[in-house]
2 protein chains.
Amino acid sequence: MRAMPMPDVSEIDLAGVMHAFADPSRLAIVAALAHMPEQSCDDLGSLAGLMSMAKSTRSHHMRVLREAGVTAARYEGTRKIIWLRREDLDSRFPGLLDAVLAGVDAEAELV
Amino acid sequence: MRAMPMPDVSEIDLAGVMHAFADPSRLAIVAALAHMPEQSCDDLGSLAGLMSMAKSTRSHHMRVLREAGVTAARYEGTRKIIWLRREDLDSRFPGLLDAVLAGVDAEAELV
DNA sequence: CGGATAGTTCGATCGTTGTCGAACCTTCCA
DNA sequence: TGGAAGGTTCGACAACGATCGAACTATCCG
């Protein structure tokens, strides 16, 4: 099985999480996971803004999110199932994830 | 007078703000501004973690924060006074700034 | 077995960013 | 008038990051 390093809750650092959120593609992934948890990487690829992205690039973004402590994953057959580490993020940085998700929605509504 | 471009509230974008927060030095500046508003750039330079920074580098960080819409500034004599755009950020991304500031405190307390 | 599906890894490219020192610009004050 | 103080701008440099295609791995299914 491939390695999937993921920081412990206590190791999640703010600047790292901010960096993970500092990219439109990753924000879109996070927002999608908020509305439909437990997605496969492949399903996430058919999002607006990510359709034209190479799968190696998508894989890169998934790694950034996971290493920052934003997401977790498990393998199911050939698929990799991704979800948000909601409780971990909420316990470490209360309100942060909700505020970011609300921010994504707020921006989407302006279009 | 030197130019100080600053985005309108409606132009503040989430990824940009996240990027502005994605640096320990800038997070330290933001946290300092939260506790002691209306600082001069020079005063902010005597923060832990910023003491050894060249003033050109500090100036760079100030610009990133301002262009992201996080801070505003005015000149007072030879000094430049900086403050957080609290209301603007709160109206555009409710709860975000507070969550980030709480996060900085939470990390500081772990030391 | 062999092909299809789902992801990862690698190397390359190219733009961005953090950092510095030096030079410069503004404003104040002696 | 001439420093001094506070910031900005510039050029350089190294590190990082987003992106791609190609090659690779792992799993399932016919």
Side-chain angles (χ1 to χ4, degrees), chain A residues 1-6 13 15-30 32-33 38-68 70-83, chain B residues 1-6 13-30 32-33 38-47 49-68 70-83:
Chain A
M1 187 63 72
R2 285 148 281 186
M4 284 199 301
M6 173 176 89
D13 85 299
V17 173
M18 293 294 106
H19 170 249
F21 287 153
D23 180 283
S25 302
R26 289 197 290 265
L27 278 179
I29 293 173
V30 170
L33 288 173
E38 306 254 324
Q39 302 246 16
S40 75
C41 293
D42 201 50
D43 292 338
L44 288 168
S46 40
L47 284 168
L50 286 79
M51 311 238 310
S52 58
M53 188 161 57
K55 52 180 192 167
S56 53
T57 305
R58 200 189 329 154
S59 191
H60 161 70
H61 287 308
M62 296 300 175
R63 181 212 276 253
V64 172
L65 287 170
R66 178 171 38 82
E67 290 184 345
V70 176
T71 59
R74 68 168 182 278
Y75 284 100
E76 251 179 38
T78 68
R79 302 201 168 187
K80 191 174 189 178
I81 307 296
I82 313 288
W83 65 95
Chain B
M1 187 63 73
R2 285 150 280 186
M4 286 198 300
M6 172 177 91
D13 86 299
L14 187 55
V17 173
M18 292 295 105
H19 170 249
F21 286 153
D23 180 283
S25 302
R26 289 196 290 265
L27 278 179
I29 293 172
V30 170
L33 288 174
E38 306 253 323
Q39 303 245 15
S40 74
C41 293
D42 201 50
D43 292 339
L44 288 168
S46 40
L47 285 167
L50 286 78
M51 312 239 309
S52 57
M53 188 162 56
K55 50 181 194 168
S56 54
T57 305
R58 200 188 327 152
S59 190
H60 161 70
H61 287 308
M62 296 299 176
R63 180 212 276 252
V64 171
L65 287 171
R66 177 170 38 83
E67 290 183 346
V70 176
T71 59
R74 69 169 182 278
Y75 284 99
E76 250 179 39
T78 69
R79 303 201 167 188
K80 191 173 187 176
I81 306 296
I82 313 288
W83 65 95

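Lettering follows sequence order; numbering is per chain, from 1. Only a predicted model underlies this, so the values are computations on that prediction, with no experimental measurement involved.
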Quick one: list whatever passes side-chain contact (heavy atoms from CB on, under 4.5 Å) with A/H19, sequence neighbours left out.
-> A/R26, A/V64, B/A22

Mind listing the residues from residues 17-30 of chain B sitting with a heavy atom below 4.0 Å of DNA chain D? Number order is fine.
-> none

Value rounded to 0.5 Å, distance of CE in B/M62 from CG in B/L44 = 4.5 Å

Sorted by chain and residue number, the side chain to side chain donor-acceptor pair (under 3.5 Å) partners of B/S59 (sequence neighbours excluded) come out as none

Length of the line joining A/L44:CG and C/dT8:P, which is rounded to integer Å = 12 Å

Measuring from A/L50:CG to A/C41:SG, what's the distance to the nearest 0.5 Å?
-> 11.0 Å

Salt bridge (charged side-chain N to carboxylate O under 4.0 Å, His left out) against A/R74, all qualifying residues, sequence neighbours excluded | A/E38, A/E76

Euclidean distance, atom OH of residue A/Y75 to atom P of D/dT27 [Å, nearest integer] = 9 Å

Take the protein atom CD of A/E76 and the nucleotide atom C1' of D/dT27, then report the distance between them rounded to whole Å.
-> 13 Å

Provide, to the nearest angstrom, the distance between the CD atom belonging to B/E67 and the P atom belonging to C/dT16.
-> 13 Å

Interatomic spacing from CG in A/D23 to NE2 in A/H61 - rounded to 0.5 Å = 4.5 Å

Nearest to the side chain of B/T78 - C/dG7, C/dT27, C/dA6?
-> C/dT27

Can you see which heavy atom on B/A68 is nearest to which on B/G16, and at what distance?
-> CB-O, 3.8 Å

Separation of D/dT27 atom C1' from A/D42 atom CG, nearest Å, is 14 Å

Is any side-chain nitrogen or oxygen of A/S40 closer than 4.0 Å to OP1 or OP2 of C/dG7?
-> yes

What are the residues of residues 53-65 of chain A, sorted by number, that bring a heavy atom to within less than 4.0 Å of DNA chain C?
-> A/K55, A/S56, A/S59, A/R63

Rounded to the Å, how far apart are A/R79 CZ and C/dT8 P?
-> 14 Å

Set of side-chain contact (heavy atoms from CB on, under 4.5 Å) partners for A/S40, sequence neighbours left out | A/D42, A/D43, A/R79, A/I81

CZ (A/R66) and OG1 (A/T71) are apart, to the nearest 0.5 Å, by 7.0 Å

